[in-house]
Number of protein chains: 2
Amino acid sequence: MAEGGAPVTMSDVARLAGVSTATVSRVVNGRYGVSASTVAHVRSAIEQLGYETSLVATSLRRSRTNVLGLVTHSFQPYTAEVLKGVMDALSQSGFDLIIYANSDLYGTYSEGWEKRHLARLSGTLTDGCIVVTPWSKLESSTPLVAVDPATDSTVPSVMADNLAGATTAVEHLLDLGHRRIGFIAGRSGLAAALSREEGYRKALTDAGVPIDTTLIGRGDFNPASAVPLARELLSRPDRPTAIFAASDGMALKVVEVAKDLGLSVPGDLSVVGFDNILESALADPGLTTIDQSMYRLGHEAGRMLKSLVCGNWRGPRHIVLPTRLVVRGSTTAPRL
Amino acid sequence: MAEGGAPVTMSDVARLAGVSTATVSRVVNGRYGVSASTVAHVRSAIEQLGYETSLVATSLRRSRTNVLGLVTHSFQPYTAEVLKGVMDALSQSGFDLIIYANSDLYGTYSEGWEKRHLARLSGTLTDGCIVVTPWSKLESSTPLVAVDPATDSTVPSVMADNLAGATTAVEHLLDLGHRRIGFIAGRSGLAAALSREEGYRKALTDAGVPIDTTLIGRGDFNPASAVPLARELLSRPDRPTAIFAASDGMALKVVEVAKDLGLSVPGDLSVVGFDNILESALADPGLTTIDQSMYRLGHEAGRMLKSLVCGNWRGPRHIVLPTRLVVRGSTTAPRL
DNA sequence: GCTGCAAACGTAACCGATAACGATTGCAAC
DNA sequence: GTTGCAATCGTTATCGGTTACGTTTGCAGC
């Protein structure tokens with residue numbers, strides 16, 4: 001009966017077992033004060049009708065639901081990685097996870113989306129939420145953890161050490177002997193983009209290399225945005241010998257453009273990215289990049305939220321995870 | 001106030017606006033019968049308190065929630081593709097999507113999981129559900145659509161034409177001149193695995209090539225399961241000149257094993273997969289495969305469920321989507 | 001036989017929102 | 001002035017499950 005009638009409710013069970021719904025509730029929740037024979041009757045009635053408690057009704061009555069939420073506005077590949085991390089962190093914890101996705105604004109993103117849906121879930125359906133969004137100013141009556149949040153986030157958060165990662169990336173190029181290093185930035189206004197640019201500047205400054213702002217292009221993390229920027233940088237007579245892009249997606253586009261222009265990578269141009277997405281490992285040549293494990297971000301966020309909900313979180317409100325330089329074929333020493 | 005107190009309810013709004021909750025409800029739902037000035041008052045109170053309707057309370061009271069569910073036991077990459085398809089199908093439809101993921105059994109899958117959670121959601125929280133699971137025997141009081149279901153599914157479903165796809169794959173190898181073609185099967189008991197094996201046998205039979213059962217290895221769709229099978233097949237003195245694997249994940253492992261054994265692909269061995277996952281396009285050599293767009297499966301499932309919920313579905317109960325042969329570098333004519 | 005106590009179970013209020021219904025008011029038509 | 005209709009808004013039952021509280025029952029102790 002895939003298209004059966006009304007769902008089985010607790011009162012259906014109570015009627016069949018000849019008891020009140022209160023007793024059924026006590027049996028379902030394993031509470032004290034029900035005789036063994038009554039428990040047996042009720043259980044048999046539950047079995048017979050195929051009864052399952054309604055998440056909605058329970059949520060409404062109880063303050064705790066043992067369900068955590070995850071709210072995100074889009075479903076990029078990295079979101080899936082975060083998700084896996086969260087699920088592993090919640091594994092065997094007794095918490096289930098609900099991911100709420102809105103259809104109306106998919107693609108045409110508008111700020112405030114998460115806020116609305118957070119309010120619709122928290123306090124009722126979920127005991128707490130993980131928010132994967134670059135925007136901030138979130139509030140909720142239940143605990144919140146933001147993954148990769150905006151700069152001014154007051155909400156507990158988990159993010160990668162973008163500053164150190166970017167610094168390491170550029171230091172790698174400097175160590176190889178590069179001095180003219182271009183940079184393709186991410187969308188301004190995002191914490192990650194800012195820190196990565198700061199890391200670029202810091203590494204150069206620390207090495208005593210003056211910063212040439214004409215070597216900096218403003219992308220927006222969208223791979224396509226890197227194409228015209230790379231084309232411009234690489235068409236210059238005094239083109240850079242290396243380019244650091246604030247994301248792997250943009251970095252891979254840089255490689256593409258370089259090849260189009262007849263430049264070899266890494267022979268004529270070294271390229272470093274940031275993120276370590278799957279394509280980077282499989283690309284030819286492999287892309288040297290900074291690994292920020294989205295899986296780990298999700299895992300930490302899950303761990304943190306779980307503890308926050310249980311009221312036993314003792315760690316810092318903001319977690320910063322280390323990054324790792326992954327050297328592949330896209331970088332080498334510059335030609336003399 | 002990220003950690004505020006109790007959530008704002010409708011009666012809070014009603015109190016502040018000096019009206020009853022009924023009036024607030026009418027304003028929220030844009031119903032007729034409220035004076036313009038009252039509407040203004042209520043709206044201002046809503047704004048002031050930051051009120052949002054509770055999904056839970058609405059679900060309990062109403063029969064319709066405009067929320068659809070998606071239940072899956074694990075989060076593979078292909079699940080994410082399905083998800084994207086579903087979300088696009090639901091875009092601008094007024095339906096939101098909830099994905100329910102259980103933590104306790106993540107990894108240690110047990111049958112019946114979906115059934116329990118379907119019961120907890122349907123009839124209350126969701127107006128209908130998409131189920132991504134190889135198991136069947138599902139029931140629900142609201143419409144259901146299964147993606148890639150088991151053989152005996154009575155539930156409306158969407159799946160790829162596995163039989164035709166597999167037949168095409170093997171025909172491609174036959175056309176190239178191969179006659180000794182190995183096969184690595186998927187987990188038995190799954191509809192997809194069965195149909196793909198049937199396609200393998202059909203193509204050979206149609207071509208008048210006798211079936212050598214010693215060339216068939218039983219994997220389980222898990223890439224790792226293909227390793228020992230490939231090793232055995234390729235260590236034989238009369239090793240096959242081509243191998244068709246029931247999934248890309250397994251096919252890529254076959255290529256790895258072949259290389260380990262000093263065989264070149266496609267020189268010494270042609271390999272065909274099934275699925276067309278991202279890695280297949282990026283692998284070296286590119287993997288010839290059968291494209292079954294998980295995105296499209298999800299998209300069709302979303303469209304179907306939406307119509308089923310609205311009661312205006314006129315199509316067939318079971319949708320079978322065509323597949324497409326994608327020829328890449330991993331296949332060529334056998335050496336003489 | 002009466003009291004005391006605890007186990008066992010039912011009753012009813014409650015969670016937040018909705019909708020059927022009833023009550024009130026305003027306004028126009030006769 | 002009265003009637004009728006429609007607009008407006010409050011009251012209340014209701015959804016399914018939980019829980020504080022009250023009632024009944026059984027049994028031991030005096």
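Quick note on labels: first sequence line is chain A, next is B, and so on, each numbered from 1. On a predicted model such as this, the values are computed, not experimentally measured, just so you know.
Listed nucleotides D:dG16, D:dT18, C:dG10 differ in distance to A:T23; the shortest reach to its side chain belongs to C:dG10. Which of D:dG17, C:dT18, D:dG10 sits closest to the side chain of B:T21 comes down to C:dT18. For A:R31, taking side-chain heavy atoms from C-beta onward, the closest of the listed nucleotides C:dG16, D:dG10, D:dT19 is D:dT19. When each of D:dT8, C:dG16, C:dT11 is scored by its nearest atom to the side-chain atoms of A:L60, the top-ranked nucleotide is C:dG16. Checked against D:dT19, D:dG16, D:dT11, the side chain of A:S25 finds its nearest nucleotide in D:dT19. For A:Y32, taking side-chain heavy atoms from C-beta onward, the closest of the listed nucleotides C:dC9, D:dC15, C:dA8 is C:dA8. Relative to the side chain of B:S20, the nucleotides C:dT18, D:dG10, C:dA17 differ in distance, and D:dG10 lies closest.
Taking each heavy atom of A:F95 and A:V67 in turn, the nearest pair found is CD2-N, 4.2 Å. Nearest heavy-atom pair across B:A80 and A:A80 is CB-CB, 4.3 Å.
The residue from A:V145, A:V309, A:D96 that alone fulfils the side chain to side chain contact (heavy atoms under 4.5 Å, CB included) condition with A:L68 is A:V309.
Straight-line distance from the CG atom of A:L125 to the P atom of C:dA17: 13 Å, rounded to whole Å. What separates CZ of A:R15 from P of D:dG17 is a distance of 12 Å, to the nearest Å. The distance from atom NE2 of B:H41 to atom P of D:dT8 is 15 Å, rounded to the nearest whole Å. B:M10 has its CE atom 8 Å from the C1' atom of C:dT18, to the nearest Å. Rounded to a whole Å, the CD atom of B:E52 is 16 Å from the P atom of C:dG16. Residue A:D12 contributes atom CG, which lies 11 Å from atom P of D:dC15 at whole-angstrom precision. At whole-Å resolution of the value, CZ in A:R62 and C1' in D:dA20 are 15 Å apart.
For D:dA7, neither phosphate oxygen OP1 nor OP2 lies less than 4.0 angstrom from any side-chain nitrogen or oxygen of B:S35. Listed pair B:T53 / C:dG16 fails the phosphate criterion, with no side-chain N or O lying under 4.0 Å from OP1 or OP2.
For A:R61 and C:dG16, a side-chain-to-base donor-acceptor distance below 3.5 Å is absent, hydrogens and geometry of angles not being considered.
Within the nucleic acid shown, B:V19 comes within 4.0 Å of sugar-phosphate atoms alone, with no base atom in reach, counting heavy atoms only.
The side-chain heavy atoms of B:L97 and B:V86, taken from C-beta on, include a pair separated by under 4.5 Å.
When the ring pair (Phe, Tyr, Trp, His ring centres under 6.0 Å) test is applied to B:H299, the partners found at least two apart in sequence or on another chain are B:Y295.
Comparing B:V56 and B:R26 by the nucleotide of DNA chain C that holds the closest heavy atom to each, the one mapping nearer the 5' end is B:V56.
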